[in-house]
Each structure stands twice: as structure tokens, then as C-alpha cells.
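Here is the structure we will look at.
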Amino acid sequence: MQLVFSDAQYWEDFLPLSFTRPVAEMRVGILTFSERWKKLLDIETSFYITEDFLQEKYKKPAAGQSLFIVPNFLPSESLLQQIKDLKAGEALVYDNELLVANINMENFSLNQIEKMTDVTEEILFFKKPTDLFSYNDKAIDFDFELLTKGRTSQELSSTCGFLGDKKDLFIEEGAVLEFATVNCKTGKIYIGKDAEVMEGCNLRGPIALCEHSKFNLGAKIYGPTTIGPHSKVGGEVNNIVVFGFSNKGHDGFVGNSVIGEWCNLGADTNSSNLKNNYASVKLWNYKSKRFEDTGLQFCGLIMGDHSKTAINTQLNTGTVVGVAANIFKAGFPPNLVENFSWGGMKGDEKFKIEKAYEVSERVMERRKVALTENDKHILKYIYENY
């Protein structure tokens, strides 16, 4: 059995975060959707049905019996059991859309499905970028239980102050916390393998600090917040999700935001998450090609992979930044910063693609990760088509 993650319904809804990855590779809670499903179903082999320009890196499924799944939801125990019990030719449908099917990918066709069962219970679906921070508390709780059940946490250092119940704190092997305050009264806190919480940090759960990531000296972290692997965060953050391999290392505030991979926020970058008139925030929608009302009073920054801000950058409420944008000019950038913008203002020239490769290679090399030819092809496609 192999897992096949489908992007058919939601890829465009998650732009700019999905420009460089299938939906299954986005992070919320502690894990990515793909990591979560592999653990839940105990299936390691996985493939993707996604946009053509991503399939070179994220491979199409091989022929064979497969569990075809729309990945961006959290299953209840009963629904998970229904999924595990599916026999060949059976499928689950939710809200008139295919959710999961046990089918053979050799001749992929929905005609293979002989029995469809409606899922009647309400499912927590992540359907757009703002859902990732809006429902991050539920995802952290879900993953915390999944990853820590039956296991014992490392001891919290006696130099740290603690509030709450110790069962709501889990510290993986190799993690370091000294002279920090840790408050689990408001939610669970997970500290990943070899992560570090430096002196003077104040953590108020729910929080997930993933492996090899750091909270820098004196950081103020309000949950629900997830910091993906190999990232550094300082200053003040409130309810953000960082996919991984990104830095907000200095003072400055970011709240109610999602930041992709290989991003860097310069010192004293601030992102407003509340309008002066307290009105609902509008956000650029790539699918409808217009600004749409999110229905949220608090909404900050959505930033695609490989984007950067200079020191003292000030971002308006509800700013969307595309892929490989460089924001460094004086004044507030517009609420939509285009892919490969060189400056951040509307009408600025594009960051030359070869230079974008060079910068990405230098940034990724610091984390001992290579910019592959597949990665270059993805960036070039975005550069030429979006």
C-alpha cells in the first residue's frame, strides 16, 4: 500500500505557500500533513498528484494499490478507523467531494470506485492560508498526543520557571532550556530534538518548537505558535506558523501569520495584525485575483518561500508576499508583494532569476541543504508564469 496525496481541490487556494510545494508538504501543528498521515496510517511510501511543474520534485504515484487521500484535515479516531478499514474499490466522501479512496493507480479512474460512503461527522479542514494559524491550536493538540503518547519527556531544567501541568510539556532528547519561563496553563508546549530555548525567553502555550530550531535571547512567544525545523525566532510573536528553515532572529513583532521556508525577516521587521479601525482584514486571493474579506479581525503576513525583508521593514495588516521577493525600500510595501519583486513596491523590477539561484544556494548551504535542479526548475516556472 502506498499513500497518494491529492492537490486537486486545494492547491490554488493556498498560494503563495503552495507555489513551491504540494498541499501535503505544508506544516501546521508540529508536523506537515504528509508526516502526520504517514504516522497515523503507518505507511512510509508516498507520492503526489499536484501541478505539473512540481511533479519533477514531488513524484507521481507508481502503479499499485494505493490510499488516495486529500491530506489537509485532522481525522477523529472513528474516521481514522474508517480510513484504515477501506477495502479496494471503496471510498469516503465529505461535503460532496472525494476524501479518501482505496484504488489502484495503474489505471487511475474514479470508475474503479464501487462503494462510496458519506462522512457525516464534521471534519476540521484547512482550506486556505489563514486556517493554518487560526486552527493551529487544534493541530498542536492533535500532534502532541500523536507524538508523545506512551513516551517520557526529558526533565525541565531547575533554572526555568514553570506554570501548569507537566503532562502538557514535552521536551525531546538533546533540547536545551535554561532560565526561561514556560507556561502550559494556556496550552501544550512541545520542544523538538536538539532545539534550544535561550535565557530570558517567555513561552505561553500552545507552542511547537521543532527540531534544531531556536528561540533567541529574551524572545516573547504567545501561542498558538509553530516554528518548523532549523529556524530561529526572536522578538515578539503571537499565533504564527513558520514552515521551517527560516529566520526572524531579532526584535520586532509578527502575529497571526504564516511564513514559508528559506525566509529571513531583518531586524525590527514588524507586521501589523490589527487594523486601526478594528475592521475585518482583506487578503489577496490568487485564485479570484482580488482582495477578499477573511472575516478575521487579526491577520498579519502570508509569506512565500525564499522571501526577505530588510531592517526596519514595516508591513501593513493583511500583507501577502510571494516567492523570492526582496523588500528593502522605505515606506510601507503594498498589501501584495509580487513574486521575485526587487524592492517590494508595485512596479519594481524583478529579481533576476540567476541571482535568485545564487542567493538561495548561499542561504540553503548554511543549513547544509542543496538547491537542486528540480528546485531551480520550480523557481524558474514561477518566475516565468506568475
Side-chain angles (χ1 to χ4, degrees), residues 13-17 28 126-140 183 185-187 201-208 215 218-227 233-243 246-260 263-286 288 290-304 307-322 325 327 329-337 344-346:
D13 295 310
F14 278 103
L15 295 174
L17 302 170
V28 66
F126 299 84
K127 297 182 178 181
K128 53 188 182 297
T130 55
D131 288 349
L132 299 176
F133 66 75
S134 295
Y135 307 134
N136 195 37
D137 55 342
K138 294 177 174 59
I140 289 174
N183 185 354
K185 279 190 169 183
T186 51
C201 288
N202 296 309
L203 277 57
R204 187 178 180 89
I207 292 169
F215 286 137
K220 294 175 282 189
I221 314 297
Y222 296 86
T225 283
T226 292
I227 308 302
V233 170
E236 181 182 359
V237 301
N238 182 355
N239 186 202
I240 73 168
V241 175
V242 177
F243 283 178
S246 290
N247 292 337
K248 182 214 167 293
H250 305 285
D251 283 345
F253 172 77
V254 177
N256 305 94
S257 298
V258 185
I259 296 169
C263 297
N264 189 74
L265 304 187
D268 202 34
T269 291
N270 288 277
S271 174
S272 169
N273 66 338
L274 175 66
K275 297 180 74 170
N276 284 358
N277 62 2
Y278 286 56
S280 180
V281 179
K282 291 183 178 180
L283 204 65
W284 179 256
N285 185 297
Y286 286 85
S288 65
R290 61 187 177 89
F291 287 94
E292 294 193 352
D293 193 340
T294 62
L296 300 172
Q297 192 173 59
F298 290 91
C299 180
L301 168 68
I302 307 296
M303 178 177 273
S307 287
K308 316 282 190 292
T309 67
I311 61 169
N312 298 317
T313 298
Q314 309 300 309
L315 300 169
N316 279 305
T317 318
T319 294
V320 175
V321 179
I327 302 171
K329 291 188 174 178
F332 283 89
N335 286 74
L336 172 64
V337 178
M345 295 301 179
K346 188 175 182 180

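Remember, predicted model here, so these are calculated numbers, not experimental data. Index from 1, following the sequence.
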Is Phe298 close to Asn238 at the side-chain level, that is, under 4.5 Å between some pair of heavy atoms?
-> no
If only atom types and distance count, is the side chain of Asn335 paired as donor or acceptor with the main-chain N or O of Thr317 below 3.5 Å?
-> yes
Look at the side chain of Thr319 and the backbone N and O of Leu301, then say whether any donor-acceptor pair between them is shorter than 3.5 Å.
-> no
Using a cut-off of 6.0 Å, state whether more than 12 heavy atoms not belonging to Lys220 lie near its atom NZ.
-> no
Are any non-hydrogen side-chain atoms of Leu336 and Tyr286 less than 4.5 angstrom apart?
-> yes
Do you know which two heavy atoms are closest between Ala310 and Thr269, and how far apart they sit?
-> O-OG1, 3.4 Å
Is it the case that Thr130 and Thr294 place a side-chain donor and acceptor less than 3.5 Å from each other?
-> no
Report yes or no: does Ser307 contribute a side-chain atom to a donor-acceptor pair with the main-chain N or O of Gly322 at less than 3.5 Å?
-> yes
Any chance you could lay out the side-chain contact (heavy atoms from CB on, under 4.5 Å) test for Val258 and Ile302, step after step, and finish with the verdict?
-> CA-CA 5 Å; Val258 185; Ile302 307 296; 4.0 Å; yes
Output for pair (Ile240 CD1, Ile221 CD1), nearest 0.5 Å, gives 7.0 Å
Side-chain contact, heavy-atom cut-off 4.5 Å: Asn273 with Phe133?
-> no
What closest approach, in Å, do Ser288 and Asn285 show between heavy atoms, and which atom pair accounts for it?
-> N-OD1, 2.9 Å
So how far is it from Cys299 SG to Lys282 NZ, rounded to the nearest 0.5 Å?
-> 13.5 Å
Main-chain N/O of Tyr278 paired to Gln297 side chain as donor or acceptor, under 3.5 Å = yes
Smallest heavy-atom separation, Ser257 atom then Ser271 atom, equals OG-OG, 4.3 Å
Sidechain-backbone polar pair: Thr225 side chain, Asn239 backbone, donor-acceptor under 3.5 Å = yes
So, Gln314 side chain and Asn312 main chain: donor-acceptor pair closer than 3.5 Å or not?
-> yes
Does the side chain of Val337 reach to within under 4.5 Å of the side chain of Leu315, using non-hydrogen atoms?
-> no
Quick check: does any side chain N or O of Thr186 sit under 3.5 Å from a backbone N or O of Gly205, one acting as donor and the other as acceptor?
-> yes
Could you grab the distance from atom CG of Asn136 to atom CG of Asp131, nearest 0.5 Å is fine?
-> 11.0 Å
Without swapping roles, check the side chain of Ser246 against the backbone of Gly260 for a donor-acceptor pair under 3.5 Å.
-> yes
Can you find a pair of side-chain heavy atoms, one from Val320 and one from Phe291, that are under 4.5 Å apart?
-> no
How far apart are the closest heavy atoms of Gly344 and Pro334, and which atoms are they?
-> O-CD, 3.2 Å
Rounded to the nearest 0.5 Å, how far does NZ of Lys128 lie from OG of Ser134?
-> 7.0 Å
Side chains of Ile207 and Phe215: closer than 4.5 Å at any heavy-atom pair?
-> yes
Between the side chain of Lys248 and the main-chain N/O of His250, is any donor-acceptor distance below 3.5 Å?
-> yes
Can you tell if the side chain of Thr309 reaches within under 4.5 Å of the side chain of Met303, non-hydrogen atoms only?
-> yes
For the pair Asp137 (side chain) and Pro224 (backbone), establish whether a donor and an acceptor sit closer than 3.5 Å, ignoring hydrogens and angles.
-> no
Residues Ile327 and Pro333: closest non-hydrogen pair is CG2-CG, 3.6 Å
